[in-house]
Amino acid sequence: MNIGGQNSNAYDQTQTWSSGVSGAVAGSPYDATKMFDGNLTTYTDHVVQNSTITWTRTLTSVTSLRVYIHQGNSTGTVTTVGENGTQVDTISADFGPGWHNIALRGTINSITFARGGSGNPLSIYAVEVNGVMYVDNGVTPPNLPSIVNTGASVGTKQGFSIVRYTGTYSSQPTTLATVSHGLLQSPDFIISKSTNNTNDNGYWNVYHSSLNANQFLRLGSTAAAATISSGAGGDIAAHPTKTTFNTYYYSGSGNSGSDYISYIWHDVPGLQKFGSYTGVNSTNGPFLELGFRPAIIMFKNISSGSTGWVILDNKRNGFNGTGGNNILFPSTTDTENTTQYGDFLSNGWKFRINSSYVNSTDTFIYAAWAESPTVNLFGAQSNAR
């Protein structure tokens, strides 16, 4: 995981990708080449209001597609055309800068970025296809990673790694530091903490793939999802790619020389799953289809700032029904609480409570791990429980 050691995996430089850009493109330093320089701090902009920029290129066998963009104070659109139809995504005002996922798959023919209204442009920083960022040939992109890992334990089959690194910033960054996570796909869940920097107030910072662009959570806090740009100190790991994740720092005293540890996961069918849902505020609550019987599951209301994290497991009370679940709250000093939150089922979790912690009309995220994986790590069916 040396500096630049992931460049060949992170970038596709087989073509001059910017040659396919057309439309109302502003001049330097916002020209078309900025979409394909591998730098997430430079971008292509529209030259006039209510205009479009189109990237025309035939991409085949696309399994994942996303663009790194920033929408100003009015809405914009991203329109993708491919063999499976046309998809129009509305980009809300003040989105990003962050990754926007495009659901269209297969063969892609074009992507059009439309600046709407009288607001700022819909700025385009990068295009990533199948986990690889497209960079013009002949361009020298930023080294990935930019920070050397000082320690790592990686399980690619398990979709889990632990990495350690040392911060490099002495003030708020103008570029984003990158750290290798060692996994084979983009992470869905990251928990990071400084091991020796007291300026972050002891926070465990959390990235979850269901959060909006630039949002993060803190494990020991009841706060709703917050934007990184308004972070109040501490290192925040976010914006992961197939090879690395970014680190941000927003404390005036700096984090240069501070050590950090990150615990990193991605979805593995039958083993672990990370997602979101909207509650229904009823004791006949939602069913979360996980594909396995969970051994441990965590929840957080990301809409409300008055409810903390919830952790349930099948060891402290391993049965459903009368007696309730034994619940822990990481954001408080309280002892465990016994309330019937729901049922552990063979293929997921069923809510049996209406609660602002897990099942009001708000939006929630979850992280779940299996009691016994339904598929073992070598691809065969596991034994029944």
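What you see below is based on every heavy atom in this structure, not just the backbone, and it leaves out hydrogens, waters and symmetry mates.
Checking Asp94 against Asn73 by side-chain atom types alone, no donor-acceptor pair falls below 3.5 Å. A donor and an acceptor atom, one from each side chain of Lys315 and Asn326, are nowhere located under 3.5 Å apart. Using modelled atom types and a 3.5 Å distance limit, the side chains of Asn354 and Asn359 yield no donor-acceptor pair. Residues Ser304 and Ser306 bring a donor and an acceptor atom of their side chains to less than 3.5 Å of each other. Donor-acceptor pairing under 3.5 Å is recorded for the side chains of Glu371 and Asn314. Side-chain polar atoms of Ser262 and Ser192 form a donor-acceptor pair below 3.5 angstrom. Ser282 and Asn284 share no donor-acceptor pair across their side chains, judged by distance under 3.5 Å alone. Under the 3.5 Å distance criterion, with hydrogens and angles disregarded, a donor-acceptor pair is assigned to the side chains of Asn137 and Thr16. Asn101 and Arg66 are not linked by any side-chain donor-acceptor pair at a separation below 3.5 angstrom, with hydrogens and angles left out of the test. Side-chain atoms of Asp343 and Gln340 include a donor-acceptor pair closer than 3.5 Å. A donor-acceptor pair shorter than 3.5 Å can be found between the side chains of Thr112 and Thr54.
Hydrophobic clustering (side-chain heavy atoms under 4.5 Å, transitive across Ile, Leu, Val, Met, Phe, Trp, Tyr) groups Val25 together with Val78. Val81 is not connected to Ile102 by any chain of hydrophobic side-chain contacts under 4.5 Å among Ile, Leu, Val, Met, Phe, Trp and Tyr, and they are in different clusters. The hydrophobic cluster containing Leu59 also contains Val127, counting ILVMFWY residues as joined when their side-chain heavy atoms lie under 4.5 angstrom apart, directly or transitively. Linking ILVMFWY residues whenever their side-chain heavy atoms come closer than 4.5 Å, directly or via other members, leaves Tyr30 and Trp55 in distinct clusters. No continuous path of ILVMFWY side-chain contacts below 4.5 Å connects Val129 to Met133, so the two sit in separate hydrophobic clusters.
Qualifying salt bridge (charged side-chain N to carboxylate O under 4.0 Å, His left out) partners for Arg57, counting only residues two or more places apart in sequence or in other chains: none.
For the ring pair (Phe, Tyr, Trp, His ring centres under 6.0 Å) test with Phe364, the passing option among Trp349, Phe299, Tyr277 is Tyr277; the others fail. Considering Thr41, Asp37, Thr42 as possible partners of Asn39, the one that fulfils the side-chain hydrogen bond (donor to acceptor under 3.5 Å, both in side chains) test is Thr41. The residue from Phe36, Tyr68, Tyr134, Phe113 that alone fulfils the ring pair (Phe, Tyr, Trp, His ring centres under 6.0 Å) condition with Tyr125 is Tyr68.
Taking the side chain as every heavy atom from C-beta outward, Trp309 and Leu219 approach each other to under 4.5 Å. In this structure the side chain of Phe329 reaches within 4.5 angstrom of the side chain of Val310, judged on heavy atoms. Asn325 is listed as a side-chain neighbour of Phe344, based on a closest heavy-atom distance under 4.5 Å.
We find the CG-OG distance between Leu144 and Ser180 to be 8.0 Å, quoted to the nearest 0.5 Å. From Ser123, atom OG reaches atom NZ of Lys34 across 13.5 Å, with rounding to the nearest 0.5 Å.
Ring geometry for Trp369 against Trp265 counts as perpendicular: the plane angle is over 60°, on a 0 to 90° scale with 30° as the lower cut. Below 30°, between 30° and 60°, or above 60°: for His208 and Phe274 the angle between ring planes is above 60°, a perpendicular geometry.
At distances below 3.5 Å, not a single donor-acceptor pair connects side-chain atoms of Thr77 with backbone N or O atoms of Thr79. Side-chain atoms of Thr178 come within 3.5 Å of backbone N or O of Ser146 as a donor-acceptor pair. Within the 3.5 Å criterion, the main-chain N or O of Phe160 finds no donor-acceptor partner in the side chain of Tyr263. With hydrogens and angles ignored, the 3.5 Å screen pairs no side-chain donor or acceptor of Gln71 with any backbone N or O of Ala93. Judged purely by atom type and a 3.5 angstrom limit, Lys300 uses its side chain to pair as donor or acceptor with the backbone of Thr222. Remark: the backbone N or O of Tyr207 is not paired with any side-chain donor or acceptor of Asp188 at under 3.5 angstrom. Judged by distance alone, with hydrogens and angles left aside, the side-chain atoms of Glu289 form a donor-acceptor pair with the main-chain N or O of Gly291 at under 3.5 Å. Remark: the backbone N or O of Thr195 is not paired with any side-chain donor or acceptor of Asp259 at under 3.5 angstrom.
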